Amino acid sequence: MKIAALLLAAGSSRRFGSDKRKVQLGAGRTLLATSLQLYLYAFGHCFVVIDEDDGALKPDLLQQGGTPVELPGRERGYGMGDSLAAGIKHIAGQRYDACLVGLADMPWVKPNTLAALASALAEAPLVVPVWRGHRGHPVGFAACYFPELGQLGGDRGARGLLQRHASELVQLPVEDPGILQDVDTVVDLWRRP
C-alpha cells in the first residue's frame with residue numbers, strides 16, 4: 001500500500017506571537033524540522049504545505065528531504081481546509097492509496113503511532129488515533145476521499161467529512177498523548193507529554 005505523508009505547516013502562529021515553526025526544540029531542531037523528521041523516518045517522504053510567502057522555509061525543507069507544497073499567500077486569507085485541500089490536490093494524481101495528514105505543530109507523536117495508523121489504513125478507509133477516549137492527529141484517509149478533501153476550504157478541516165462517513169471511521173487506540181499535544185502558545189512548549 002502506497003501512503004502519502006502530508007504535513008500542514010501554513011498556519012500563521014497568531015496565538016504563539018511569532019513563527020512557532022522556527023522555535024528550537026531539543027537536539028537543535030526547530031518545531032517544523034522535528035515534526036518533518038518524524039514523518040520522513042516513518043514514510044521516507046513527506047509533503048509539507050506552506051504559504052507561498054514562506055520562501056525562506058523552502059530550501060530547509062528540501063535539504064531535510066521534505067517536498068514543499070505552496071499555498072497562495074496569506075493576504076488572500078485561508079484556513080486549515082484550504083491547506084488540506086492544497087496538499088491533497090498536489091498528491092491526488094500520484095497514485096497514492098491513502099494519505100496520513102499531520103500537523104506541523106504536533107512534534108511529539110510517537111513513531112509507532114504513525115506505523116500503527118499506516119497499518120490500520122490497509123484495512124479501513126478512515127483512521128483516527130485515540131488516547132484515553134480523545135481523538136487526535138494525524139488522521140488517515142483512503143484515496144476514495146481525496147476528491148472530497150480537495151473541495152475543502154476556509155477554517156474547517158476534515159471534521160465534517162469524518163462526521164458524514166462515521167460508519168467507515170476506525171478509532172485506533174494508542175498509548176500516545178502526543179496525538180493531542182499541539183503548540184499553540186509558548187506555554188504549550190513546556191506542557192509536552
Side-chain angles (χ1 to χ4, degrees), residues 3-71 73-74 78-80 82-84 86-88 90-91 96 98-119 121 127-129 131 134-141 157 172 174-193:
I3 299 174
L6 179 63
L7 198 56
L8 305 183
S12 61
S13 303
R14 281 185 297 255
R15 287 185 279 172
F16 195 82
S18 63
D19 191 345
K20 63 185 173 184
R21 298 169 302 181
K22 297 177 181 177
V23 170
Q24 294 288 317
L25 298 181
R29 281 194 187 142
T30 64
L31 180 116
L32 177 55
T34 302
S35 295
L36 176 57
Q37 290 306 312
L38 174 70
Y39 287 83
L40 289 172
Y41 175 78
F43 296 96
H45 73 279
C46 186
F47 298 96
V48 185
V49 179
I50 59 172
D51 189 296
E52 71 179 356
D53 297 333
D54 288 329
L57 284 177
K58 200 171 177 180
D60 286 342
L61 290 173
L62 290 167
Q63 183 179 15
Q64 293 171 49
T67 303
V69 176
E70 294 184 59
L71 187 65
R74 281 195 182 99
Y78 64 84
M80 171 126 12
D82 299 300
S83 294
L84 181 51
I88 291 294
H90 183 82
I91 65 170
Y96 284 100
C99 181
L100 194 64
V101 179
L103 306 178
D105 66 354
M106 298 185 76
W108 299 300
V109 176
K110 294 179 181 178
N112 59 339
T113 295
L114 297 181
L117 289 165
S119 292
L121 273 170
V127 181
V128 63
W131 182 68
H134 299 281
R135 288 185 189 180
H137 289 89
V139 178
F141 302 91
L172 182 69
V174 295
E175 287 301 318
D176 186 357
I179 69 163
L180 305 175
Q181 188 70 36
D182 62 349
V183 177
D184 288 327
T185 67
V186 174
V187 174
D188 293 330
L189 292 170
W190 315 118
R191 291 185 184 157
R192 65 169 290 180

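The structure displayed is predicted, hence computed values, not measured ones. For this chain, numbers begin at 1 and follow the sequence in order.
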Between [atom1] on residue [X] and [atom2] on residue [Y], distance to nearest 0.5 Å:
X: Thr30; Y: Gln37; atom1: OG1; atom2: CD; result: 9.5 Å
X: Thr67; Y: Leu61; atom1: OG1; atom2: CG; result: 9.0 Å
X: Ile50; Y: Leu32; atom1: CD1; atom2: CG; result: 8.5 Å
X: Met106; Y: Leu7; atom1: CE; atom2: CG; result: 11.0 Å
X: Leu103; Y: Gln181; atom1: CG; atom2: CD; result: 12.5 Å

### Query
Any sub-3.5 Å donor-acceptor pair from Gln63's side-chain atoms to Pro59's backbone N or O?
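Flag not set: sc Gln63 to bb Pro59 has no pair under 3.5 Å.
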### Side chain Asp176, main chain Lys110, donor-acceptor under 3.5 Å
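Yes; judged by distance alone, with no hydrogens or angles, the pair exists.
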### Task
List the steps and the verdict of salt bridge (charged side-chain N to carboxylate O under 4.0 Å, His left out) for Glu70 and Lys58.
CA-CA 9 Å; Glu70 294 184 59; Lys58 200 171 177 180; 2.7 Å; yes
Any side-chain heavy-atom pair of [X] and [Y] under 4.5 Å:
X: Cys99; Y: Ile91; result: yes
X: Leu57; Y: Lys22; result: yes
X: Pro68; Y: Leu62; result: yes
X: Leu84; Y: Leu6; result: yes

Show which side-chain atoms of residues 39-49 pair as donor or acceptor with protein atoms under 3.5 Å away, not counting sequence neighbours.
{"residue": "His45", "atom": "ND1", "partner": "Phe43", "partner atom": "O", "Å": "3.2"}
{"residue": "His45", "atom": "NE2", "partner": "Ile3", "partner atom": "O", "Å": "3.4"}
{"residue": "His45", "atom": "NE2", "partner": "Ala5", "partner atom": "N", "Å": "3.2"}

### Message
Walk me through whether Met80 and Leu8 qualify under side chain to side chain contact (heavy atoms under 4.5 Å, CB included).
### Response
CA-CA 8 Å; Met80 171 126 12; Leu8 305 183; 3.9 Å; yes
For [X] against [Y], the heavy-atom pair lying closest together:
X: Gly87; Y: Val69; result: CA-CG1, 4.4 Å
X: Val109; Y: Pro138; result: CG1-CD, 4.1 Å
X: Arg29; Y: Thr34; result: CB-OG1, 3.5 Å
X: Trp131; Y: Leu180; result: CE3-CD1, 3.6 Å
X: Ala86; Y: Leu71; result: CB-CD1, 3.5 Å
X: Ala104; Y: Ser35; result: O-OG, 2.8 Å

